[in-house]
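Quick notes on the structure that follows.
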Amino acid sequence: MGKKGKIENKVKGAEKIAAKLERKGIEKRGGQTKPDIIDLVALIAEFQSLDAKKTQVVETSCPSPSPRRAFTCTDELIFFGGEFFNGKKTFLYNELFFYNIKKNTWVKVEIPNPPPRRCAQQAVVVSQGGGQIWIFGGEFASPDGEHFYHYKDLLVLHLATRTWEQIKAPGAPSGRSGHRMVLSKRQLLVFEGFHESTRDYIFYNDIHAFNLDTFTWSRLQPTGTGPCPRSPLSMVVMAAFLFQRAKKDVDKGTIHSDMFLLRREGKRSKWTWTRVTPSGVKPPPRCGFSLAVAPGGRALLFDGVCDEEDEETFFNDLYFYDLNKNRCFPVQLKGNKSEKKKTNETEGEKGEAKVPTEIIKEIVAENGTVMTIKEVISAAQAEEDSEEEEEAAAMALLVEPCPRSSAMATVKHGKLYLCGGMFEVGD
């Protein structure tokens, strides 16, 4: 067989695999040449063949996962999938890690028949069936980061039995990434997302609902004026906040700071969009920020990035949004008071006498002479100096995450946990 015939057979074989993958919920991005498709299909098929060799559940204690973006949570913190770019090559993952909050330990869990490697998917945790994690969509990238597959599969991880299952139901949303999925009573709501190719971008503002009782998809048709598709720009949506991000060297975009509320009215499936204008101090315009639900009807907003012309600004500030008061305000962090200060306050309350403090210093002159200086400081002055030192020490001990975007965030037991994220330097 000649070289041309071998290439044609290879293309036909790849197209068969591509059709098989698409039936499994993988949708390729448009604008790719056949060699590009061959490379991606071969990569995904190779990874799936390696995963098929896993026949039993294996749990291994391990250090924290390597840098990447992907995260979800139950009472433990669960880490699935994600991507990592080392400056030359893009890596995709389908690994599963569990972080035990109380023990501060990581466990890597290998389960047979895992989903294909991906990033930019969405995951929701539900309590039914002993605990489940539902995952929809995402994308697979070539090592050079230039070509992509979009997934349109719906998967569920059964936590009680440690098994993966793919749910096949008609009427699912088209393949996409960068979307958002939330749990509303007995429905999974999938909102927006984008589909990017070498030719163009498709940005969605559709809403689809998956019923957890009937296992059926339906498309919602809310009344009112909702958010417009954020095109031709990549978009990040977190809860009710909607922002968008410009595509560098391709289009000039606008970063939005608008906010919308999607409300279900009555028992019928009637949904309504309402634009919300919060009071207080809003965060500066940005995209790729993280949002976590906190107690008391509050949400915590962290990090993000703002693209302006050729300059990118990454954030590591923290904001509260109070749903009950419809108000935003920045969070001010404070250090813990030292035990010494608490002890002094207790002694003061008991009425114990405070004695002056004697300080002895030794100073060496240029000719080698050692001079001893004795200084007596009043109790009030010593206490004031001690408080200043303690405040400075407390501020020095404050630990803040470095600026980033797309970090994963969740609130557990009154604490905010952040994991992963991305920081860009130049190109």
Side-chain angles (χ1 to χ4, degrees), residues 26 29 36 39-51 54 60-73 77-99 106-111 114-123 133 135-151 153 155 157 176-180 193-194 196 234-236 238 245 247-248 287-290 302-305 307 312 314-316 401-410 417-427:
I26 301 171
R29 291 185 177 181
D36 297 329
D39 291 341
L40 284 179
V41 170
L43 275 176
I44 296 175
E46 181 181 351
F47 289 139
Q48 286 189 300
S49 65
L50 293 173
D51 291 333
K54 300 174 183 178
T60 310
S61 298
C62 64
S64 60
S66 58
R68 65 190 72 175
R69 296 182 296 159
F71 191 56
T72 185
C73 65
L77 306 186
I78 301 176
F79 197 94
F80 171 75
E83 68 171 318
F84 173 68
F85 179 65
N86 65 1
K88 297 181 180 179
K89 185 178 179 180
T90 299
F91 299 86
L92 276 295
Y93 303 94
N94 64 347
E95 297 170 322
L96 185 65
F97 295 88
F98 287 74
Y99 174 73
W106 285 94
V107 173
K108 182 178 180 180
V109 181
E110 298 180 60
I111 300 176
R117 302 182 182 207
R118 67 187 66 201
C119 66
Q121 72 276 2
Q122 278 290 282
I133 299 179
I135 296 173
F136 176 78
E139 68 182 38
F140 179 86
S142 60
D144 61 6
E146 296 294 329
H147 306 288
F148 307 86
Y149 264 110
H150 273 294
Y151 295 96
D153 49 357
L155 305 142
L157 171 62
R176 62 187 68 192
S177 59
H179 53 289
R180 287 296 175 264
F194 72 96
E196 177 185 353
S234 352
M235 175 186 62
V236 175
M238 293 298 286
R245 180 178 177 181
K247 182 75 173 179
K248 293 195 298 182
C287 65
F289 60 89
S290 306
F302 173 75
D303 76 1
V305 59
D307 287 330
E312 290 181 329
F314 286 80
F315 299 94
N316 66 340
C402 61
R404 67 188 72 191
S405 69
S406 302
M408 298 294 102
T410 187
Y417 290 86
L418 300 168
C419 192
M422 179 180 68
F423 182 82
E424 296 177 355
V425 179
D427 293 333

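- Asp153 contributes no side-chain N or O that, together with a main-chain N or O of Phe136, makes up a donor-acceptor pair within less than 3.5 Å.
- Aromatic ring centroids of Phe194 and His179 lie 6.0 Å or more apart.
- For Lys108, the salt bridge (charged side-chain N to carboxylate O under 4.0 Å, His left out) test picks out Glu95, with sequence neighbours left out.
- Counting heavy atoms from C-beta on, the side chains of Phe97 and Cys62 come closer than 4.5 Å.
- Atoms CZ and SG, from Phe148 and Cys119 in turn, are 8.0 Å apart once rounded to the nearest 0.5 Å.
- Pro115 approaches Leu155 most closely through the heavy-atom pair CB-CD1, 3.6 Å.
- A distance of 7.0 Å separates CG in Asp307 from CD in Glu424, rounded to the nearest 0.5 Å.
- Taking the side chain as every heavy atom from C-beta outward, Thr60 and Val107 never approach each other to under 4.5 Å.
- Looking at heavy atoms from C-beta onward, Leu157 lies out of side-chain contact with Ile135 at the 4.5 angstrom threshold.
- Nearest heavy-atom pair across Glu139 and Leu92 is O-CD1, 4.0 Å.
- Contact between Arg404 and Phe314 at its shortest, heavy atoms only, is C-CD2, 3.7 Å.
- Within the model, atoms CD of Gln121 and OG of Ser177 stand 10.0 Å from one another, a figure rounded to the nearest 0.5 Å.
- The only option from Ser406, Pro403, Cys287 that meets the side chain to side chain contact (heavy atoms under 4.5 Å, CB included) definition with Val305 turns out to be Cys287.
- At least one cation-pi condition fails for Arg117 and Tyr93: the charged atom is not both under 6.0 angstrom from the six-membered ring centre and inside a 45 degree cone around its axis.
- What you find for Ala123 and Ile133 is that their closest heavy atoms are CB-CG2, 4.0 Å.
- For Lys89, the NZ atom is loosely surrounded, since the number of other residues' heavy atoms within 6.0 Å does not exceed 12.
- The structure places CZ of Phe79 at 4.5 Å from SG of Cys419, a figure rounded to the nearest 0.5 Å.
- Taking all atoms of both residues into account, the shortest heavy-atom contact from Ala141 to Thr90 is CB-CG2, 4.3 Å.
- Scanning all heavy atoms of the two residues, the minimum distance from Phe302 to Asn316 falls at CE1-O, 3.4 Å.
- In this structure, Arg118 forms a cation-pi arrangement with Tyr151, its terminal cationic atom sitting closer than 6.0 Å to the ring centre and no more than 45° off the ring axis.
- Here the straight-line distance linking atom CH2 of Trp106 with atom CZ of Phe98 works out to 11.0 Å at 0.5 Å rounding.
- Note that CG of Asp51 and CG of Asn94 are 4.5 Å apart. Values are rounded to the nearest 0.5 Å.
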